[in-house]
Amino acid sequence: MRDFSQDHRWLSINTATVRKSRGADLPLPDIIEACARRGIRAISPWRDQVAVAGLDTISSLVKTHGLELSGYCRGGMFPAADAQGLRAARDDNRRAVDEACELNAACLVLVVGGLPGALAGKAAHKDIALSRSQVRDGIAELLDYSRSLRMPLAIEPLHPMYAADRACINTMEQALDVCDELDPGRTGALGVAVDVYHVWWDPKLQAQIMRAGKDRLLAFHVCDWMTPTTDLLNDRGMMGDGVIDIPRIRGWVEEQGFAGYSEVEIFSTGNWWQKDHGEVLDTCVQRHRAAV
Ligand code: ZN
C-alpha cells in the first residue's frame with residue numbers, strides 16, 4: 001500500500017467539497033486556483049459548476065495548471081417515465097461524455113438514477129426492477145458512444161438509502177454484475193467508482209473489490225460517516241472524524257493494483273461548507289496524510 005503520510009501527490013479534490021466557502025457559492029475557477037496553490041494535482045469537477053464558468057474556461061485553466069481530472073461528475077439518471085425522457089437522458093449523457101473528453105478526465109462517473117420523478121418528490125411508479133432495466137439499457141447504449149471516444153464509464157454504487165431517488169445500483173456486486181454483462185472482455189471501458197461513504201458497511205465489500213480487479217477499479221472516493229448523521233445527503237464527514245476504516249479499504253483497492261488518486265468528496269451543509277475553503281483544503285491535505 002502506498003505511503004501517503006509524507007506528501008499529497010495522490011490527493012484529488014472533488015470540487016463539491018468546496019463548492020461553498022463560508023456558506024456562499026465558490027466559483028470553480030477560484031476552486032482550481034486554490035487547489036493549484038496548494039500543490040494539489042487533481043480535481044473532479046461537477047457539470048453544473050463547469051457550465052456556470054464555461055467549458056472552454058475550465059478546460060484552459062486545467063491545462064494552465066497542469067491539473068489532472070480523477071473523474072468527471074457526473075452522468076447517469078437513466079430511468080424516465082416515457083420515451084421522451086429516456087431520449088433526453090441519452091442525449092444529456094452523450095454531452096457529459098463529450099465534456100469529460102474535452103477535460104481529459106480519467107472517467108465519467110455515473111450516478112444511475114432511481115424511480116423517475118422521485119428526486120423531485122413524486123415518483124412516477126414503484127417498479128424499481130423497471131428502473132434497473134432502464135439503467136442497464138442506458139449504460140449499454142452510452143457505452144457504445146463512450147467507447148468510440150475512449151472515455152471510461154465508472155458506475156458508482158450509492159448507499160441503499162438513495163435507491164428511490166438517486167441510484168438503484170446500491171452495491172458493488174450489482175455494479176459489477178452490470179459490468180460483467182456489458183463488458184465481459186474487461187476492456188477498461190466500464191468499471192466502478194468505489195466511494196467509501198456508500199459501500200463501507202457492505203459485508204461483501206472486500207470480496208467484490210477483489211472481483212473488480214484493477215481493470216474495473218476506476219475511481220476511489222473518500223470522506224467519513226458521522227455518528228449520528230444529521231442529513232442523508234449533506235452531512236458527510238472529513239476523513240478521520242467518523243467510523244469508516246478508510247486505510248483498510250484503500251489497502252484492498254491497492255492490493256488489486258489500483259494506483260490512482262484518493263478523491264475527497266464531502267457534502268456538508270452544516271459544517272465544512274460553512275468554513276473558509278482554504279481551511280477546508282488545508283484540512284483535506286492533512287487528513288489525506290493522516291487518515292486515508
Ligand atoms: Zn462519490
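On a predicted model such as this, the values are computed, not experimentally measured, just so you know. Every number for a ligand or one of its atoms is a count from 1 in the order of the listing.
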Engineer: How long is the straight-line distance from CD of Gln134 back to CG of Asp127, given to the nearest 0.5 Å?
Structural biologist: 9.0 Å

Engineer: Under the ring pair (Phe, Tyr, Trp, His ring centres under 6.0 Å) rule, what do His159 and Trp225 come out as? Steps first, then yes or no, please.
Structural biologist: CA-CA 12 Å; His159 191 285; Trp225 184 282; 5.2 Å; yes

Engineer: I'd like to know if the side chain of Arg87 pairs up with that of Gln84 as donor and acceptor (distance under 3.5 Å, no hydrogens or angles considered).
Structural biologist: no

Engineer: Looking at residues at least two apart in the chain, or sitting in another chain, which of them share a side chain to side chain donor-acceptor pair (under 3.5 Å) with Tyr72?
Structural biologist: Glu99

Engineer: Once the angle between the rings of Phe4 and His288 is folded into 0 to 90°, is it parallel (under 30°), tilted (30 to 60°) or perpendicular (over 60°)?
Structural biologist: parallel

Engineer: Tell me the protein N, O or S atoms under 2.8 Å from the Zn ion (ligand 1), in chain and number order.
Structural biologist: Glu156 OE2, Asp195 OD2, His221 ND1, Glu265 OE1

Engineer: Which class fits the ring pair Trp46 and Phe267: parallel under 30°, tilted 30 to 60°, perpendicular over 60°?
Structural biologist: perpendicular

